[in-house]
Amino acid sequence: METEAAGRAGGSYEPVDGNSQKKLLYGVIAFLVIVIIALIVVIAVVAGGNDGDEGNPSVADDQQFVFIAPDESDYDDGSGGNDGDEGSPSVADDQEFVFIAPDESDYDDGSGSDLDCTPGEKVFNADPFFWTIDICDGLYVYGDNFYMGIIQVTSSGAIFVDAPPSMWDALPVVAASVTDNPITTVMYSHHHGDHVGGASQIPGIEDANVVCHSDAAAKILDRPDMGIPACTTVLDLTADNHTYILQDDDKYVILQYTGYRWHSGDDLILFFPRQRTVMAVDLVYPKWIPFKNVGMAVNPDGYLAANHFLLDNVTSEIYGDWEVLVAGHVDVLGDREDAEINIEYVEDLKEAVHLAESNANLSFVAVLNDFGWNIDGTNNWEIVLAYQHGQSAECARILNEDFGWNSRFHGMDAFSEDNCYWMYQEGHINLD
């Protein structure tokens, strides 16, 4: 009956093979898998774009991420002649930014060897209050007795370093007090808001090249509420690849990253070799005791190592070692002796902590004796505080009286005990 009906309908009937059904099903599944994979790839490409920054979470749409020690052939085939700018994706019409470990002689012919870079006197501006110091060759330091920054005047522009919000009203006129040139480059020493939180007040920053370490760039992007303009040239400096030369017109700056856990984790040391001037923020405080918790350092070893790096590794193959130190804080400039004295202070601080700990009258057991071993569950922190205060006070006494630091640093009464307790805590508790 089935065969006859099929014949009347003009067709023929053949039994369906089970293997054919399986092959058809597997084929459909394979096709769907391929389609799904293709869609995922397309979505990923569309979402990621092709701006050259894929995979780097610290780069915004308008940021230039500068990788260290690239292969120059990735950027140029040699067809562009010898004008010096081939292959650098961060080159603007009037700027040249060169990758790590360049030859300093490419930037300077040594003509600044005879410059007299003895810092001049402070020139004060009353309203808004700030002062400037002329170093030499277009390099100026500006400050307000609490914070400092740098302006390097170039042939047709200016480099503006840091922007403390304590000088919020002054920042728009600071540069104008030393040059009529536009601000072409802005550099952040590190991401902390007390040093760069006023950057939006720098005239023309929206058109300037803003330079910082890659970690600083990421942290700034994570805090849009701070209003700090994002970095446009992001330096991927590491402990192994720690040096970068930035050129703006006829001036250049050597930027170095120590690789040590020191202050913010993204601190850059900025060296202006022609003027033999270095800016190292929150590291050395010339003539002053380091700020609370030794400049809010991450750990003692990293802090000391960064101090030695400043003295031993920051140098110019043309102009030699730096002579003038811009600390980013306090009211005076420093020199190499200040950096050496700072190391001496930290070593004495470590010794004072050890001596205070060795005093049996100040041990934790002695403190418990003072409390009559009356630990009732409500006074635990009071007992710990008494122990900490006793240790810190004795350490401060040793520093000031036995080691004589009260006559060597300003502000010993302000931060001696804080620095003593920080050194104890970092050396005995954190252990990192």
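As the structure is a computational prediction, the values presented were derived from the model and not from experiment.
Using a distance-only test at 3.5 Å, with no hydrogens or angles considered, a donor-acceptor pair links the side chain of Asp338 to the main chain of Asp335. For Ser416 (side chain) and Asp413 (main-chain N/O), no donor-acceptor pair under 3.5 Å exists by modelled atom type. A distance-only check finds no donor-acceptor pair linking the side chain of Lys251 to the backbone of Leu139 [under 3.5 Å]. Remark: the backbone N or O of Asp321 is not paired with any side-chain donor or acceptor of Arg276 at under 3.5 angstrom. Panel note: side chain Gln391, backbone Val353; no donor-acceptor pair is recorded below 3.5 Å. Put simply, the side chain of Thr154 never gets that close to the backbone of Asp250: no donor and acceptor are under 3.5 Å apart. Side-chain atoms of Asn419 come within 3.5 Å of backbone atoms of Val294 as a donor-acceptor pair (strictly under, hydrogens ignored). At distances below 3.5 Å, not a single donor-acceptor pair connects side-chain atoms of Asn293 with backbone N or O atoms of Gly295. With hydrogens and angles disregarded, a donor-acceptor distance shorter than 3.5 Å links the side chain of Asp249 to the backbone of Ser156.
Here the straight-line distance linking atom NE2 of His190 with atom CG of Asp282 works out to 5.0 Å at 0.5 Å rounding. Taking CD of Glu417 as the reference point, atom CE of Met412 lies at 11.0 Å (rounded to 0.5 Å). Taken from OG in Ser200 to CG in Leu171, the straight-line distance is 8.5 Å, to the nearest 0.5 Å. Between atom CG of residue Asp169 and atom CD of residue Gln201 there is a gap of 7.5 Å, rounded to the nearest 0.5 Å. To the nearest 0.5 Å, atom CG of residue Leu255 and atom OG1 of residue Thr243 are 9.0 Å apart. Summarising the geometry, atom CH2 belonging to Trp288 is positioned 12.5 Å from atom NE2 belonging to His329; distances are rounded to the nearest 0.5 Å.
Within a 6.0 Å sphere centred on NZ of Lys287, heavy atoms belonging to other residues, nucleotides or ligands number more than 12. In the displayed structure, Glu206 atom CD is contacted under 6.0 Å by more than 12 heavy atoms of other residues, nucleotides or ligands. Enclosure of atom CG in Asp114 is not indicated, since only 12 or fewer non-hydrogen atoms of other residues, nucleotides or ligands lie within 6.0 angstrom. In the displayed structure, Asp312 atom CG is contacted under 6.0 Å by more than 12 heavy atoms of other residues, nucleotides or ligands. Heavy atoms from other residues, nucleotides or ligands lying under 6.0 Å from CZ of Phe146 number 12 at most.
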Pairs of donor and acceptor atoms involving the side chains of residues 399-406, under 3.5 Å and at least two apart or interchain, shall be tabulated with distances.
from	atom 1	to	atom 2	distance (Å)
Asn400	ND2	Ala396	O	3.0
Asp402	OD1	Arg397	NH1	3.4
Asp402	OD2	Arg397	NH2	3.3
Trp405	NE1	Asp348	OD2	2.9

Could you pull out all donor-acceptor pairs under 3.5 Å where a side-chain atom in residues 125-133 meets a protein atom, sequence neighbours excluded?
from	atom 1	to	atom 2	distance (Å)
Asn125	ND2	Pro128	O	2.6
Trp131	NE1	Asn145	OD1	2.8

Can I get a per-line list of side-chain donor-acceptor pairs under 3.5 Å for residues 300-308, giving both atom names and the distance, sequence neighbours left out?
from	atom 1	to	atom 2	distance (Å)
Tyr303	OH	Leu283	O	2.4
Tyr303	OH	Asn342	ND2	2.9
Asn307	OD1	Asn342	ND2	3.0
Asn307	ND2	Tyr303	O	2.8

Problem set entry | side chain to side chain donor-acceptor pair (under 3.5 Å) between Tyr424 and Gln388, worked out | CA-CA 9 Å; Tyr424 166 79; Gln388 292 176 352; over 6 Å; no
Problem set entry | Audit row: Tyr244, Thr233, side-chain contact (heavy atoms from CB on, under 4.5 Å) steps and yes/no | CA-CA 12 Å; Tyr244 178 89; Thr233 294; 4.2 Å; yes
For this session: In sequence, state the C-alpha distance, the side-chain angles, and the governing distance for Met296 and His263, and then conclude on side-chain contact (heavy atoms from CB on, under 4.5 Å).
Result: CA-CA 6 Å; Met296 299 176 67; His263 179 62; 4.0 Å; yes
For this session: Walk me through it: do Val365 and Tyr387 pass the test side-chain contact (heavy atoms from CB on, under 4.5 Å)?
Result: CA-CA 9 Å; Val365 171; Tyr387 170 70; over 6 Å; no
For this session: Before giving the answer on side-chain contact (heavy atoms from CB on, under 4.5 Å), spell out for Leu333 and Val326 the whole-Å C-alpha distance, their side-chain angles and the decisive distance to 0.1 Å.
Result: CA-CA 6 Å; Leu333 300 178; Val326 180; 4.1 Å; yes
For this session: Quick one: do Tyr319 and Phe271 satisfy ring pair (Phe, Tyr, Trp, His ring centres under 6.0 Å)? Show the steps, please.
Result: CA-CA 11 Å; Tyr319 297 107; Phe271 181 31; 8.9 Å; no
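Looking at heavy atoms from C-beta onward, His191 lies out of side-chain contact with His213 at the 4.5 angstrom threshold. For the pair Ser316/Glu104, a side-chain contact is recorded, criterion being any heavy-atom separation below 4.5 Å from C-beta on. Between Gln152 and Arg274 there is no side-chain heavy-atom pair separated by less than 4.5 Å. Residues Asp267 and Val281 have side chains not in contact (no heavy-atom distance under 4.5 Å, counting atoms from C-beta outward). Two residues are said to be in side-chain contact when any heavy atoms from C-beta on lie closer than 4.5 Å; Ser214 and Tyr257 fail this criterion. For the pair Ile150 and Phe272, the minimum side-chain heavy-atom distance is below 4.5 Å. With a 4.5 Å cut-off on side-chain heavy atoms, Asp106 and Gln247 do not count as touching. For the pair Tyr252/Pro273, a side-chain contact is recorded, criterion being any heavy-atom separation below 4.5 Å from C-beta on.
Residues Cys231 and Tyr188 share a closest heavy-atom pair of SG-CD1, 3.7 Å. For the pair Leu310 and Ala339, the tightest heavy-atom approach, listed with the atom from each and the gap, is CD2-CB, 4.3 Å. Across every non-hydrogen atom of Val324 and Pro119, the tightest pair is CG2-CG, 3.9 Å. Of all heavy-atom pairs spanning Ile202 and Ala163, the tightest one is CD1-CB, 3.9 Å. Smallest separation of non-hydrogen atoms from Ala230 and Ile220: CA-CG2, 4.4 Å. Between Pro229 and Ile205, the closest heavy-atom pair is CG-CD1, 3.7 Å.
For an aromatic pair to be called close, the ring centres must be under 6.0 Å apart, and Phe160 with Tyr142 satisfies this.
Of the N and O atoms on the side chains of Asp240 and Thr238, not one donor lies less than 3.5 Å from an acceptor on the other residue.
When Asp248, Thr232, Thr184, Thr185 are each tested for a side-chain hydrogen bond (donor to acceptor under 3.5 Å, both in side chains) with Asn209, only one passes: Thr232.
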